[in-house]
Structures are given as C-alpha cells and as structure tokens.
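Here is the structure we will look at.
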Amino acid sequence: MRRPDGGAGVTTERVRRTGPVAEVRRPVVRLLAALAVVPLLRLAVARYAVPPDCPDRTACDGCAAPIGLDRPLPALGPAARCPACRARVGAAPAVVEVALLVAVAVPVLAGGVPAARLALAWWLLWAVPMTVVDAMAHRLPDRLTWPAAAGAWALLGVAALTGTGADPWIRATAAALALGGGFAATTLLLGRRGFGLGDAKLALGAGALLGWYGWPVLVAGLVLALLLAGATGVALLAARRVRWSGHLPFGPFLVLGTAATLVLVTV
C-alpha cells in the first residue's frame, strides 16, 4: 500500500506481524541471557558448598579433576557430573536452573521503579547460589553475601537519585542495619541457637529491599520467612527427616519470604 503522496508506506499487516514477534523475542532473549550464567552459579555452589572448616573446593572430590570455567561441561552444566569419573559435582541436576528461573521471574512480576527492580534482580542472582550452598552445607560465604547486599543497596541509591527521593533509601539503609543487627545480636546472645552471622549478612540485603517499601513490608517479609521455616521444620519432624536438636538453615526461607513479600506488595 502506498501513501497518498506516492511514497512507500508500511502496511498495517506488517505492523501487526512485527509487533507481537518483537514482544515474543524479548522474554526468550532474557531467558537465554539468564541461563548463560548457570556455569558461574554452579561453580559458586561447587566451590563453597563445603563444611565451614574446609577449604573451598577446586576439584572433584572423587578423582581430583579440576573444576573451572575453562571446562564447564558437564560439571557446571545441568548434568552436574565430573567429566572424568562421572561423580556428582555441587548441586543436583536442575536445582540451580530452576532456582534461576524463579529468580528471573520475581523482578518481572514485582512492581516498583526500574532501578529498584534491578536491585532486586541483582540480589536474587547472588541469592541463587547462596540458598543452595546454605541448604547443602549450612553456610553463607562472605564472597556471596557482601556483594549481594552492597550491590542492592547501591542500586537502591540510584533509584533514589533518579526520582524517588532520599526518604525510601534512608529507610532502606536503616532497615538493613536493623535486620542485620538483630540477626547478629541473636548470634552473640544465643550462640548456636540464634541466627548465624551469615544470616545476618544476608539480612542486610533483604532488609534494604523490604525497607525500601516501608517498615510494615519489612515486618511482613520477616514474619513470612519465619512461618515458612516453621512449617518446613514441622513437616520434616513429622516425616522424621530431622530431630528436635537438628539445625535448619534459615537463608533459603529469608530469600523466599523476601521475594514473595515484594511480589505481593508491589504488584
């Protein structure tokens, strides 16, 4: 179809075709970009999912074959097997991949300004290996908790500078210090019966993200995390998978409680 002035025009049919195709391609590109970081996340899990008093893992426990990004498959892929002896390396197959897909979906579903959602995405990207390591080895390494908290706090600062004002960022900073300090205080006062210092560092990022939206949101996120942990503990006790004296890592529940709360309050 030509324009009245004789120039070449774009038909409405062509517009209809290109619009939906572009919309379909965007999520696919984002998904492929997210899956591209799977080897990095699996390497972090394999390296840090060791007892606290052991050095970081750099090779297969069975045959001592090196583990690194220069040879990511199959050790750092979905198979999660050593290329030499086929022993399990790090997290079980599909665990990291599924956790990453959930982490990608949360900022998409959540509302808020783009910089605040980017802060959430940054924190959740680090939270994927943190939760898996905590579930496997009951530890939250500093090399994962500190970058997660610092990056989320800095990106929230960018959100404050680009339009929301300083009040939410000041509240987020106070909430991070309050939640992290509260967790650390339980460690000092209660020892092993309280939260660990790794949980306190993880709580810095969670507190900042929840506090950005208000103090009631911070309380709701903490309560939800405690409820999830309590319900899981009761279920494991009923199934005789743990004992009353057992220790249940709190990191995964804090991440789940934070993510679920932010989705519910910002949609």
Side-chain angles (χ1 to χ4, degrees), residues 41 44-45 48-53 90-92 95-96 98-100 102-103 106 120 122-150 152-153 172 175-211 215-264:
L41 302 181
V45 173
Y48 299 126
V50 295
D53 55 346
V95 169
V96 172
V98 172
L100 179 60
V102 175
V106 169
L120 175 60
W122 169 270
W123 186 74
L124 287 173
L125 182 63
W126 290 88
V128 169
M130 280 193 287
T131 53
V132 179
V133 170
D134 199 19
M136 294 178 63
H138 292 198
R139 66 184 296 240
L140 289 166
D142 290 348
R143 292 183 180 180
L144 299 178
T145 53
W146 284 121
W153 179 76
L177 295 175
L179 192 61
F183 275 40
T186 65
T187 304
L188 298 176
L189 295 174
L190 302 176
R192 291 180 57 85
R193 291 178 297 175
F195 296 105
L197 290 179
D199 294 321
K201 297 163 190 173
L202 177 62
L204 291 172
L209 291 167
L210 293 168
W215 293 105
V217 178
L218 175 68
V219 174
L222 179 58
V223 170
L224 181 57
L226 292 171
L227 290 175
L228 289 172
T232 303
V234 170
L236 291 176
L237 283 171
R240 297 184 179 180
R241 299 293 299 272
V242 298
R243 298 181 179 179
W244 284 103
S245 58
H247 176 73
L248 194 65
F250 188 68
F253 302 106
L254 182 59
V255 172
L256 288 173
T258 299
T261 302
L262 291 177
V263 170
L264 292 173

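If you're wondering where the values come from, they're calculated on a predicted model, not measured in any experiment.
Rounding to the nearest 0.5 angstrom, the gap separating the CG atom in Leu144 from the OG1 atom in Thr131 is 10.0 Å. Note that CG of Leu254 and CG of Leu179 are 6.5 Å apart. Values are rounded to the nearest 0.5 Å. In this structure, CG on Asp199 lies 10.0 Å from OG1 on Thr145, to the nearest 0.5 angstrom. The OG1 atom of Thr258 sits 9.0 Å away from atom CG of Leu120, with the distance rounded to the nearest 0.5 Å. Rounded to the nearest 0.5 angstrom, Tyr48 OH and Met136 CE are separated by 14.5 Å.
Of all non-hydrogen atoms in Trp122 and Pro147, the two that sit nearest each other are NE1-O, 3.0 Å. Here the shortest heavy-atom pairing between Ala137 and Pro52 reads O-CD, 4.5 Å. Here the closest heavy-atom approach between residue Gly205 and residue Trp123 is recorded as CA-NE1, 3.6 Å. Residues Gly221 and Thr261 approach most closely at CA-OG1, 3.3 Å, considering heavy atoms. For Val128 against Ala103, the heavy-atom pair with the smallest separation is CG2-CB, 3.8 Å. The minimum heavy-atom distance between Leu204 and Ala149, with the atom names listed, is CB-CB, 3.9 Å.
Residues Leu124 and Val255 are in side-chain contact: their nearest non-hydrogen atoms beyond the backbone lie under 4.5 Å apart. Residues Leu228 and Leu224 meet the side-chain proximity criterion, which asks for heavy atoms closer than 4.5 Å. For the pair Leu210/Leu262, a side-chain contact is recorded, criterion being any heavy-atom separation below 4.5 Å from C-beta on. Looking only at side-chain heavy atoms (C-beta outward), Val50 and Arg139 come within less than 4.5 Å of each other.
With Phe250 as the fixed residue, the side chain to side chain contact (heavy atoms under 4.5 Å, CB included) test singles out one of Leu202, Asp134, Leu226: Leu226.
Residue-environment remark: CH2 (Trp146) stays at or below the threshold of 12 foreign heavy atoms within 6.0 Å.
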Going through the distances and angles, do Leu222 and Phe183 end up as a side chain to side chain contact (heavy atoms under 4.5 Å, CB included)? CA-CA 11 Å; Leu222 179 58; Phe183 275 40; 4.0 Å; yes
